[in-house]
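We count ligands from 1, going down the list as the structure has it; atoms in each ligand are counted the same way.
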Amino acid sequence: MNKLAIMGAMEEEIQPLLEYFDDVKVTEFANNKYYEVNLDGLDVVIAYSKIGKVFASLTATTMIEKFGCDTLLFSGVAGAVNSELKIGDLVIADKLCQHDLDITVFGHANGYVPGGDVFVKTSKDIRDIAKQVAKENNLKVLEGTIATGDQFVNSNERKDFIINTFNADALEMEGASVAVICDALDVPFFILRAISDSADMDANFDFDDFLHSSAKISADYVIKIAKALKNK
Ligand code: ADE
């Protein structure tokens with residue numbers, strides 16, 4: 001690994017990351033800011049994309065193609081769909097899908113378009129390191145499926161669709177698009193989320209209450225993972 005990208009979607013998701021660094025070089029590109037830092041000798045680029053799949057795709061591509069990042073970690077928050085998951089719990093994606101990608105009227109499966117796959121898998125090597133780090137730090141993590149779509153989900157009906165169709169554990173608004181970009185550009189990647197809400201009728205209130213605390217839980221863990229990757 002030469003240069004690591006760590007991205008989030010919202011400013012609140014990367015703020016706790018930036019707090020680790022005294023020396024930050026800021027570069028503006030394509031209506032966004034990219035923060036270049038050094039983690040114990042490892043060059044790292046940090047950015048938040050803004051919410052949703054399009055902005056996340058732009059940021060992931062920029063970090064790889066313009067800044068030369070060759071490994072990408074995503075840190076942020078998600079809504080729980082697996083009822084075992086509670087606010088603050090950590091989820092590692094082993095695969096991701098786009099729950100709102102729908103050309104089913106032509107006989108295709110939900111989440112599928114020709115030339116693509118319903119699920120994109122994350123790097124097993126990084127997941128293994130992350131699980132080792134979790135073990136060493138006594139952190140409980142669930143490894144599962146994350147479903148992504150351009151909508152904030154706050155209904156049991158939509159949640160049920162996502163569980164029944166994709167058997168997802170958590171949902172958010174960027175991960176699968178980052179997965180598609182990294183997979184296409186052959187960059188190993190890892191998507192981490194801490195639960196901020198349960199994607200139900202209270203989700204918007206819970207999200208507002210727990211965005212900061214859950215984003216910090218995810219950021220603290222992702223920094224530990226970055227350090228472990230560096231030492232590998
Ligand atoms: N990210 C965190 N909670 C979410 C929700 N309920 N829907 C979509 N993205 C989210």
Within one Ile-Leu-Val-Met-Phe-Trp-Tyr cluster: F210 and L90, side-chain cutoff 4.5 Å: no
Does G52 offer a backbone N or O that forms a donor-acceptor pair with the side chain of E174 under 3.5 Å? yes
Quick check on the 6.0 Å ring-centre criterion: do F152 and F207 meet it? yes
Ignoring angles and geometry beyond distance, decide whether A203 reaches within less than 3.5 Å of ligand 1 through its nitrogen or oxygen atoms. no
Quick test of your reading of the structure: of M173, E13, R158, whose heavy atom lies closest to atom 9 (N) of ligand 1? M173
For atom 4 (C) of ligand 1, the closest protein heavy atom turns out to be F152 CE1, 3.4 Å
Consider ligand 1: state whether an atom of it lies below 4.0 angstrom from any non-hydrogen atom of Q151. yes
Indicate, as side chain, backbone, both or neither, the part of S196 found under 4.0 angstrom from ligand 1 when only non-hydrogen atoms are considered. side chain
Measure the spacing between NZ of K95 and CG of D169 and express it to the nearest 0.5 Å. 8.0 Å
Among non-hydrogen protein atoms, atom 7 (N) of ligand 1 lies closest to V153 N, 2.9 Å
Looking only at distances, can you tell me whether any N or O atom of E172, backbone or side chain, sits closer than 3.5 Å to an N or O atom of ligand 1? no
Yes or no: does L171 have any heavy atom under 4.0 Å from an atom of ligand 1? yes
Picking from L39, V37, D220, what satisfies side-chain contact (heavy atoms from CB on, under 4.5 Å) with Y20? D220
Rounded to the nearest 0.5 Å, what separates atom CZ in F74 from atom CD in E13? 5.5 Å
Can you report which non-hydrogen protein atom sits closest to atom 3 (N) of ligand 1, along with the distance? D197 OD2, 2.6 Å
For ligand 1, which atoms sit closer than 4.0 Å to a heavy atom of A199? 6 (N)
Would you say the side-chain atoms of D200 and N154 include a donor-acceptor pair closer than 3.5 Å? no
So is there a nitrogen or oxygen of F207 less than 3.5 Å from a nitrogen or oxygen in ligand 1? no
Taking 4.0 angstrom as the limit, do K33 and E11 come out as a salt bridge? no
